[in-house]
Amino acid sequence: MKIIRATDYKDMSRKAANIISAQVIMKPNCVLGLATGSTPVGIYEQLIDWYNKGDLDFSEVTSVNLDEYRGLRREDPQSYWHFMHEHFFDHINIDPDRINLPDGTNLDAEEECRRYDDIIHAVGGVDLQLLGIGHDGHIGFNEPGAAFELGTHCVDLKPETIEANKRFFDGNEDLVPKQAYTMGIKTIMQARKVLLVANGKDKAPIVKQAFFGPVTPEVPASILQMHPDFTLVCDADALSLL
Ligand code: F6R
């Protein structure tokens, strides 16, 4: 495990974007595993900036995203498909045919998870997987207790997650999807490189627990300690308990 200490959110974003851009430069047809959430937004902004300056070319890159809500259409403003286009894909020259996310509208979970695993396999696996971390140590939608050996699967969202997300759905709990498709820990661990970013004081306890505590399914991100090429990029606040 490599730990890169950044001063603040902007510095964390730039350092992580540097690692991703090195991957794209070294292997223009690489497979990037991407994440949604608030943490990577600054990374995407930085990559877009370098793309606009002519320093990066995404035309041969394939992307596979971590997760998607089951039941949401792509066009839904809350879908992860929408998030990724708004924050990243619409601003770079990635080939739309090389963009992959689980299809939330396929309600046949078994079929959809198999289809997604087949895609990851067909593109040759993930070269670099970008991750954020939840306060309970989740990565993707792999919540505490998740089995380490799963590929893409369908998860039931915890009541706390539904409650936390209802603000994005007009405050109406009934509109919040109750399930999601997520890459499993096995898929994440098979990525050739893993890059996890965390910022803010509120992430400090989980950063300490996940990366300096025991490896346990109760803290899903802790398994990354066993990954042969894992880099953690944190701002000073997220490392403040270490
Ligand atoms: C995102 C994802 C989640 C987030 C995590 C942290 O695709 O799967 O695991 O990475 O919830 O979210 P933020 O970055 O908003 O703190």
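In each ligand, atom 1 is the first atom listed, and ligand 1 is the first ligand listed.
- Taking 4.5 Å as the limit, every side-chain heavy atom of V176 sits out of range of all side-chain heavy atoms of Q78.
- Given atom 12 (O) of ligand 1, the protein heavy atom at minimum distance is G37 CA, 4.3 Å.
- Ranking protein heavy atoms by distance to atom 1 (C) of ligand 1, first place goes to T36 OG1, 3.2 Å.
- Near G132, meaning under 4.0 Å from one of its heavy atoms, ligand 1 places the atoms 10 (O).
- Of the candidates G140, G134, A198, A35, the one placing a heavy atom closest to atom 3 (C) of ligand 1 is G140.
- At least one donor-acceptor pair closer than 3.5 Å links the side chain of E68 to the backbone N or O of Y80.
- Set against the non-hydrogen atoms of L66, the atoms of ligand 1 under 4.0 Å away are 7 (O), 8 (O).
- Counting only heavy atoms of the protein, atom 2 (C) of ligand 1 lies nearest to D67 OD2, 3.5 Å.
- Between the side chains of D202 and H135, at least one donor N or O lies within less than 3.5 Å of an accepting N or O.
- The protein atom (non-hydrogen) at minimum distance from atom 16 (O) of ligand 1 is K203 NZ, 2.7 Å.
- In this structure, the side chains of L241 and K208 come closer than 4.5 Å at one or more pairs of heavy atoms.
- Closest to atom 14 (O) of ligand 1 among all protein heavy atoms lies T39 OG1, 2.4 Å.
- Of the protein's non-hydrogen atoms, the one nearest atom 5 (C) of ligand 1 is H138 NE2, 3.4 Å.
- Inspection of the Y116 and D67 side chains reveals no N or O donor paired with an N or O acceptor under 3.5 Å.
- Residue-level proximity to ligand 1 for I133 is carried by the backbone, the only part with a heavy atom below 4.0 angstrom.
- You'll find the side chain of W81 stays beyond 4.5 Å of the side chain of T36, heavy atoms only.
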F89 and Y44: CA distance, side-chain angles, deciding distance, ring pair (Phe, Tyr, Trp, His ring centres under 6.0 Å) verdict: CA-CA 9 Å; F89 298 147; Y44 297 142; 7.7 Å; no

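- Using a 4.5 Å heavy-atom threshold, the side chains of L157 and Y69 count as touching.
- Considering both main-chain and side-chain atoms, F141 never comes within under 3.5 Å of ligand 1 through any nitrogen or oxygen pair.
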